[in-house]
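These notes are about the structure you will find just below.
Note that ligands are numbered from 1 as they come in the structure, with each ligand's atoms numbered from 1 the same way. Starting from 1, each residue takes its place in the sequence as its number.
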Amino acid sequence: MSVWVIAEQREGTLQKVSLELLGKGRQIADKLEEKLVAVLAGYEVEKIADTLIKHGADEVIILDHILLKNYTTDGYTKAIAQIAMERKPEIIFIGATNIGRDLGPRLAARLKTGLTADCTGLDIDENTKNLLMTRPAFGGNLMATIECPNHRPQMATVRPGVFAVPCADDRRKGKIEKVAAQIKESDIRTVVEKIVKSLEDKVDITEAKVIVSGGRGVGNEEGFALLKELAHLLGGVVGASRAAVDAGWIGKDHQVGQTGKTVRPNLYIACGISGAIQHLAGMQESDFIIAINKDETAPIMSIADVALVGDLYKILPELINEIKGYKDSCDIHLIS
Ligand SMILES: Cc1cc2nc3c(=O)[nH]c(=O)nc-3n(C[C@H](O)[C@H](O)[C@H](O)COP(=O)(O)OP(=O)(O)OC[C@H]3O[C@@H](n4cnc5c(N)ncnc54)[C@H](O)[C@@H]3O)c2cc1C
């Protein structure tokens, strides 16, 4: 019996969510006194295996095959299902990325077991030793804790950004095992002709240490230039509420919240955002929150470390000037 984390790589680069899952997976495996195993499918991906060990895996199973070079539903499902049927893990965690959300349900159906999608909380029931999988339901208005008592493995896809990446421990040692995946070309019904990456100015708000985020209160696209200026001054990026994204003032890449990204920066500045539960779900783990809002009763104000009541168009230019002056006089980086 063991706890598995399906490690996700793209073009040989390990995705951050896999490390987040190893951190949480380690805690769960320790509670169950079982091994934590990372399963890494791909082609010539051995060099990543060590990183998985250093971040908490006891073992890495590498499913290596040229047909696994690019993700395909058929190829990955077959290869992973085979090894899971053989070794019978107790639990399988998958990152709820586009790939993970595609793979998870296929794998669960193949293994005839239960899957909870997009979990934001994971624990073990002290008495039954079952996995407790918590996820927002009904638009985030309800948190549902789901168990899978009668079938194994217990499977969950897990929201990226919810769990912290554990520190790497260079002294950790583990077993790395390469298994030849039993798949052939005819198993795979999709052909990846080419992978096209967006040429837009891509932002990864999940990696940012500082996020200056804007909502409906910003009022228009031009207002986001002010937020961008502040973000640049602080070495951060711009985030947004869904209302601002829906209004077309900024791209979907910037959206924070339940249907956007989950972020946990050192500093989150919410400008003209009311703090709807679906927005809070994506940012309430931030280390320090500053809220700027005209309405002192807006829900965001009650979770903020510093709440500034006023018009963002008055406050932001002053803040920008102050920071510029401070930077000029001190010649230091405020937040690095
Ligand atoms: C299933 C579902 C999923 C959702 N997912 C998400 C999600 O991922 N992310 C998300 O953000 N939302 C999401 N929502 C929408 C969410 O419920 C809210 O509608 C949204 O977050 C509101 O955005 P907002 O705070 O920008 O706008 P509003 O709620 O309209 O708030 C605007 C705020 O700006 C303030 N304001 C106005 N003018 C100024 C000014 N000049 N200076 C200072 N303050 C000012 C106002 O006082 C107000 O508090 C989801 C909803 C559903 C049903």
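- A salt bridge between Lys324 and Glu229 is present, with a side-chain N of the basic residue lying under 4.0 Å from a carboxylate O of the acidic one.
- A donor atom on one side chain and an acceptor atom on the other are found under 3.5 Å apart for Arg242 and Thr259.
- We find that Asp102 and Arg106 are not joined by a salt bridge, their nearest charged nitrogen and carboxylate oxygen being 4.0 Å or further apart.
- Below 3.5 Å of separation, one finds no N or O of Tyr313 facing any N or O of ligand 1.
- Against a heavy-atom cut-off of under 4.0 Å, Ser241 is close to the following atoms of ligand 1: 11 (O), 23 (O), 24 (P), 26 (O).
- Here atom 31 (O) of ligand 1 lies nearest to Ser274 when heavy atoms of Ser274, Ala244, Gly215 are compared.
- No donor-acceptor contact under 3.5 angstrom links the side chains of Asn130 and Asp125, judged on distance only.
- Under a 4.0 Å criterion applied to the non-hydrogen atoms of Asp311, ligand 1 contributes the atoms 40 (C), 41 (N), 42 (N).
- Within the model, atoms CD of Glu147 and CE of Met133 stand 8.0 Å from one another, a figure rounded to the nearest 0.5 Å.
- Residue Ala276 approaches ligand 1 through these ligand atoms, each under 4.0 Å from one of its heavy atoms: 16 (C), 17 (O), 18 (C), 21 (O).
- Residue Gly219 places no heavy atom under 4.0 Å from ligand 1.
- With Leu103 as reference, Ile80 is the one residue of Thr97, Ile80, Thr157, Thr72 to meet the side-chain contact (heavy atoms from CB on, under 4.5 Å) rule.
- If you number the atoms of ligand 1 from 1 as listed, the ones under 4.0 Å from a heavy atom of Arg216 come out as 24 (P), 26 (O), 27 (O), 28 (P), 30 (O), 32 (C).
- Between Ala298 and ligand 1, not a single N/O pair is under 3.5 Å apart.
- On a distance-only criterion, Gly260 and ligand 1 share at least one N/O pair closer than 3.5 Å.
- The closest heavy-atom contact to atom 48 (C) of ligand 1, among the options Asn293, Leu308, Asp295, comes from Asn293.
- Using a 4.0 Å cut-off between charged nitrogen and carboxylate oxygen, Glu318 and Lys314 do not count as a salt-bridge pair.
- Looking at Asp118 and Arg101, a side-chain N of the basic residue comes within less than 4.0 Å of a carboxylate O on the acidic one, giving a salt bridge.
- Proximity to Gln258 (heavy-atom distance under 4.0 Å) selects the following atoms of ligand 1: 7 (C), 8 (O).
- For atom 43 (C) of ligand 1, the choice among Gly217, Ala240, Gly310 with the nearest heavy atom turns out to be Gly310.
- Residue-to-ligand polar distances place Val256 within reach of ligand 1: an N/O pair is separated by less than 3.5 Å.
- For the pair Gly272 and ligand 1, the shortest N or O to N or O distance falls below 3.5 Å.
- Ion pairing between a basic and an acidic side chain is recognised when a charged N comes within 4.0 Å of a carboxylate O; Arg26 and Asp58 show such pairing.
- Salt bridge absent: Glu285 and Arg159 never bring a charged side-chain N and a carboxylate O closer than 4.0 Å.
- Which parts of ligand 1 touch Gly257 is read off a 4.0 Å heavy-atom cut-off, strictly below it: atoms 7 (C), 8 (O), 9 (N).
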